[in-house]
Amino acid sequence: MDKSILQPRFRDSAHFKNFWETGNGKQLIEFSCAEVSFKDFDKFSKYYYDVDEIGDEVVKDIYFTQSFPEASKQIENYIRNGVSENDDVPESVKSLFGQAQSVPDWVDFELIKSGAELCMRCNVDSLISLRDYCLIGGYDYAYLNKPLIVTEALKKGAVKRLSETLDFWVNVTRPDSLLTHRKGYEFAIKTRLIHSYARLSIKKHYKNWDTKNWGEPINSWDMMATYIGFSLVFLYSLKKLGNTFSEQEEKGLFHLWRYVGYLLEIPEELLPDDKKQATEYFFLWTSVQPSADKDSVLLAHSLLNESLENPILKFDFQRRNLRYLHICCTWFLLDNEVCERLEIPKVKNKNLFPVSKKIFNKIYEKTISREARIKKGNKDQMKVLTDYLNITKNSNFH
């Protein structure tokens with residue numbers, strides 16, 4: 001297949017124009033002072049067909065030569081104890097850990113700490129932003145979802161999927177967790193290999209994968225877009241919910257995800273330094289994505305109904321109320337057009353909770369110290385994660 005033919009094929013489509021001219025995309029441009037254009041399209045679009053080849057080789061050498069539990073134990077040993085050039089391990093393992101254990105000169109762990117503190121300080125708003133803006137908003141990009149569909153993520157259930165996303169996010173956003181051999185570092189390496197394992201499985205078992213249109217499974221450009229979701233989109237959602245942040249915290253958030261991206265072998269050229277770059281990069285990527293399809297709707301509704309299926313809350317009325325609050329936040333954060341495409345249910349008084357939260361946040365920031373908010377946010381987020389881990393089994397991380 002000729003991989004040089006990719007064009008910004010949806011640049012004239014209504015969903016693309018509406019997003020960037022009147023919707024959330026326009027707001028992101030104003031928020032970031034971005035200067036969007038297609039002049040760098042060819043520079044970035046080649047990554048639609050680029051994958052983590054070293055990660056794939058490690059999976060072939062370690063996971064495909066023994067049982068999954070044995071392979072996972074072996075990888076955990078490499079992560080926690082390190083790998084040296086003299087170790088008797090496959091060359092692919094030496095190559096992967098040689099890169100991961102070499103911290104680039106540009107990494108500033110104090111700056112990363114500021115980003116982690118922002119994630120904790122915003123407490124439940126961070127979790128609302130992840131779920132009701134970043135995750136569900138991502139489902140509007142039909143091609144991005146295809147790996148989830150073909151690996152039968154819907155059958156595994158939204159509770160498990162959400163639990164694993166939360167497990168990853170919490171562990172990479174704690175102070176000092178990304179230092180080599182620490183918990184966040186471990187989760188980044190494991191995620192990298194989960195992606196490789198999934199990609200190789202798709203290529204082996206799913207013969208109808210449409211590489212020309214969908215790109216390679218879990219390709220580098222899609223990975224870039226996902227991590228812009230964790231940085232730019234997440235940050236803007238916090239703002240929409242009435243949170244403020246310092247220049248240091250903002251820089252720290254982008255720096256944190258830049259380093260996580262490095263550990264995941266996303267090419268450094270795709271890792272934005274700030275919100276301006278992130279918006280400009282995201283603009284280009286969205287031009288190759290069609291809007292929601294029937295799979296998108298199924299994924300969105302699976303996520304919404306997770307509140308009803310999740311046994312963390314004991315009573316049915318509590319679960320129904322939680323679902324209602326998530327629906328309210330989704331309508332508040334996403335464009336109406338996107339909500340309609342994803343068939344998000346229409347509910348009464350949908351702005352009451354998010355607007356009330358916005359007012360509360362402004363008061364909370366003025367009356368409670370930053371240190372106290374960070375401490376409480378960390379405690380509350382860890383409690384939510386613990387609750388999820390107590391009800392989900394067979395996590396890819398544990």
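Position 1 is the first residue of the sequence, and the numbers go up from there.
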message: For a salt bridge (charged side-chain N to carboxylate O under 4.0 Å, His left out) check, start with the C-alpha distance between D210 and K146, then their side-chain angles and the critical distance, and finish with the verdict.
response: CA-CA 10 Å; D210 184 358; K146 294 309 172 189; over 6 Å; no
Can you get from [X] to [Y] by hopping between Ile, Leu, Val, Met, Phe, Trp and Tyr side chains that sit under 4.5 Å apart?
{"X": "L333", "Y": "Y324", "answer": "yes"}
{"X": "I128", "Y": "L352", "answer": "no"}
{"X": "L385", "Y": "L313", "answer": "no"}
{"X": "L308", "Y": "V159", "answer": "no"}

query: Would a 4.5 Å heavy-atom cut-off, applied to side chains only, mark D132 and L325 as touching?
result: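 No - every pair of side-chain heavy atoms lies 4.5 Å or more apart.
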task: Please tell me if the side chains of H195 and M223 come closer than 4.5 Å, counting only heavy atoms from C-beta onward.
output: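 SC-SC contact between H195 and M223 confirmed.
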message: Looking only at side-chain N and O atoms, does Y47 offer a donor or acceptor that is under 3.5 Å from a partner on E269?
response: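 Indeed, the side chains of E269 and Y47 share at least one donor-acceptor pair under 3.5 Å.
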field: Q289 and R9 side chains, donor-acceptor separation under 3.5 Å
entry: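 The criterion, which ignores hydrogens and geometry beyond distance, is not satisfied for Q289 and R9.
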Can you tell me how the ring of [X] sits relative to the ring of [Y], calling it parallel under 30°, perpendicular over 60° and tilted otherwise?
{"X": "F97", "Y": "Y78", "result": "perpendicular"}
{"X": "W257", "Y": "Y227", "result": "tilted"}
{"X": "Y364", "Y": "F360", "result": "parallel"}
{"X": "Y185", "Y": "H181", "result": "perpendicular"}

Within [range] or reaching into it, pairs that qualify as salt bridge (charged side-chain N to carboxylate O under 4.0 Å, His left out) - sequence neighbours excluded:
{"range": "residues 326-342", "result": "D140-R341, E337-R341"}
{"range": "residues 14-31", "result": "K26-E30"}
{"range": "residues 82-91", "result": "E91-K94"}

Carboxylate-amine/guanidinium proximity below 4.0 Å for [X] and [Y]:
{"X": "E306", "Y": "R323", "result": "no"}
{"X": "E280", "Y": "K276", "result": "yes"}
{"X": "K376", "Y": "D380", "result": "yes"}
{"X": "E152", "Y": "K156", "result": "no"}
{"X": "E216", "Y": "K203", "result": "yes"}
{"X": "K383", "Y": "D387", "result": "yes"}
{"X": "D273", "Y": "K251", "result": "no"}

Results of side-chain hydrogen bond (donor to acceptor under 3.5 Å, both in side chains) for [X] - residues two or more places apart only:
{"X": "N243", "result": "D125"}
{"X": "T330", "result": "none"}
{"X": "N351", "result": "none"}
{"X": "T173", "result": "none"}

task: Rounded to the nearest 0.5 Å, what's the gap from CG on L127 to NE2 on H326? Could you check?
output: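 Output value for this atom pair is 9.0 Å.
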Backbone of [Y] reached by a side-chain donor or acceptor of [X] within 3.5 Å:
{"X": "K207", "Y": "K204", "answer": "yes"}
{"X": "Y262", "Y": "V103", "answer": "no"}
{"X": "W331", "Y": "V347", "answer": "no"}
{"X": "Y133", "Y": "F332", "answer": "no"}
{"X": "N349", "Y": "C328", "answer": "no"}

task: Can you run down the side-chain hydrogen bond (donor to acceptor under 3.5 Å, both in side chains) pairs that involve residues 55-69, sequence neighbours left out, and say none if there aren't any?
output: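 Residue pairs passing side-chain hydrogen bond (donor to acceptor under 3.5 Å, both in side chains), neighbours aside: D56-S196, D56-R199, E57-K60, D61-S92, Q66-Q74, S67-E70.
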message: salt bridge (charged side-chain N to carboxylate O under 4.0 Å, His left out), that's the test. Do E76 and R80 meet it? Break it down for me.
response: CA-CA 6 Å; E76 280 189 353; R80 294 170 186 178; 3.6 Å; yes
query: Quick one: ring pair (Phe, Tyr, Trp, His ring centres under 6.0 Å) pairs with a partner in residues 99-126, sequence neighbours left out?
result: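 Listed once each, the pairs are W106-H255, F109-Y259.
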message: Testing Y141, W214, W285, Y143 one by one against D222 for a side-chain hydrogen bond (donor to acceptor under 3.5 Å, both in side chains), which residue passes?
response: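 So the option named by the test is W285.
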query: Which of these, F283, Y281, W221, sits in a ring pair (Phe, Tyr, Trp, His ring centres under 6.0 Å) with F44?
result: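 Only match with F44 under ring pair (Phe, Tyr, Trp, His ring centres under 6.0 Å): Y281.
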- request: Apply the test ring pair (Phe, Tyr, Trp, His ring centres under 6.0 Å) to residues F68 and Y197: give CA-CA distance (whole Å), side-chain angles for both, the deciding distance (0.1 Å), then the verdict.
  value: CA-CA 11 Å; F68 193 90; Y197 192 96; 5.4 Å; yes
- prompt: Closest approach of S296 and A142, non-hydrogen atoms and distance?
  reply: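 The pair with the smallest heavy-atom distance is OG-CA, 4.0 Å.
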- prompt: Think R11 forms a cation-pi with F38, using NZ or CZ under 6.0 Å from the six-ring centre and within 45 degrees of its axis?
  reply: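 Yes, a cation-pi geometry.
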Per-pair distances, 0.1 Å, donor-acceptor, side chain in residues 113-120, under 3.5 Å, sequence neighbours excluded:
unit_1	atom_1	unit_2	atom_2	d
S114	OG	Q248	NE2	3.4
E117	OE1	R370	NH1	3.3
E117	OE1	R370	NH2	2.8

field: Residues which pass ring pair (Phe, Tyr, Trp, His ring centres under 6.0 Å) with Y139, listed by chain and number, not counting sequence neighbours
entry: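 Y139 satisfies ring pair (Phe, Tyr, Trp, His ring centres under 6.0 Å) with no other residue.
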message: For a side chain to side chain donor-acceptor pair (under 3.5 Å) check, start with the C-alpha distance between R319 and N310, then their side-chain angles and the critical distance, and finish with the verdict.
response: CA-CA 8 Å; R319 297 178 191 177; N310 195 325; over 6 Å; no
Please tabulate, for side-chain N and O atoms in residues 232-239, each donor-acceptor pair with protein atoms closer than 3.5 Å (sequence neighbours left out).
unit_1	atom_1	unit_2	atom_2	d
Y236	OH	Q27	OE1	2.9
S237	OG	S129	OG	2.7

